[in-house]
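First the structure, in the form of structure tokens, and then the observations on it.
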Amino acid sequence: MPSPSSIAATIRRIPRGKVSTYGAVARAAGYPRGARLVARVLRGAFDLPWQRVLGAGGEIKLRGESAAEQRFRLQAEGVTFRGRRADLKKHEFHFTKAKRKTER
DNA sequence: AAGATGACGCCCG
DNA sequence: CCGGGCGCCATCT
């Protein structure tokens with residue numbers, strides 16, 4: 001049964017140098033339409049690799065300084081950008097959805 | 001209880 | 001590529 005903690009756990013699986021999106025994290029965590037919930041969790045739990053979660057298409061959804069810092073942190077991890085967005089082609093992390101019977 | 005809000009996503013023109 | 005509009009969902013006013 002889904003819960004905010006499962007979302008946080010999913011986010012924690014994103015390895016350094018890789019990124020994902022609100023929608024993808026939501027789906028991997030079992031919330032097909034919970035992109036906004038992912039954002040809520042990111043806002044509340046600071047102990048997460050928050051910089052690795054981007055908007056659809058690899059776009060940074062933060063504003064001002066926060067946005068600059070996120071981009072900076074990602075580039076420091078080796079993530080490259082194509083204009084305003086991170087290059088998902090190269091760095092998007094593919095969750096192993098694995099809807100098996102016993103989960104993972 | 002009703003409306004507004006926001007680290008979202010997707011379709012249209 | 002860009003803005004506008006609508007659907008989603010939990011939380012706040």
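Computed over heavy atoms, backbone and side chain alike; hydrogens, waters and symmetry mates excluded. Below, read A as the first sequence line, B as the second, and so on, with proteins coming before strands; counting in each chain starts at 1.
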Considering every strand and a 4.0 Å limit on heavy-atom distances, what is the contact class for A:L37: base, sugar-phosphate, or nothing? sugar-phosphate
Lys/Arg cation over aromatic A:F95: A:R13, 6.0 Å, 45° cone: no
Under 4.0 Å, counting only non-hydrogen atoms across every strand here, what does A:G55 touch: a base, just sugar-phosphate, or nothing? sugar-phosphate
Without decimals, in angstroms, what is the distance between A:R63 CZ and B:dT5 P? 15 Å
Can you name the closest pair of heavy atoms from A:R12 and A:D47 and give their distance? NH1-O, 3.3 Å
Under 4.0 Å between a Lys/Arg side-chain N and an Asp/Glu carboxylate O for A:E77 and A:R52? yes
Rounded to whole angstrom units, what separation is found between the CD1 atom of A:I7 and the C1' atom of C:dC8? 13 Å
From CG of A:L88 over to P of B:dG9, roughly how many Å is that when rounded to an integer? 11 Å
Taking for each residue the nucleotide of DNA chain B bearing the nearest heavy atom, is the 5' side occupied by A:Q51 or by A:R27? A:Q51
Taking the minimum atom-to-atom distance to the side chain of A:K61, which one of B:dA7, B:dG6, B:dC10 wins? B:dA7
Side chain to side chain contact (heavy atoms under 4.5 Å, CB included) for A:V25 and A:Y31? Distances and angles first, verdict last. CA-CA 8 Å; A:V25 170; A:Y31 288 86; over 6 Å; no
Between atom CG in A:L42 and atom P in C:dA10, what is the gap in whole Å? 16 Å
Grab the CG-P distance between A:L54 and B:dG9 for me, whole Å please. 10 Å
For A:R40, answer base if it contacts any base atom (sugar-phosphate contacts may also be present), sugar-phosphate if it contacts only those atoms, and nothing otherwise; contact means non-hydrogen atoms under 4.0 Å. base
Side-chain donor/acceptor of A:R36 to base of B:dC8, under 3.5 Å: yes
In whole angstrom, give the distance that lies between atom CD of A:Q70 and atom P of B:dC8. 11 Å
Residue A:T21, side-chain heavy atoms: nucleotide from B:dG9, B:dC8, B:dA7 that is nearest: B:dG9
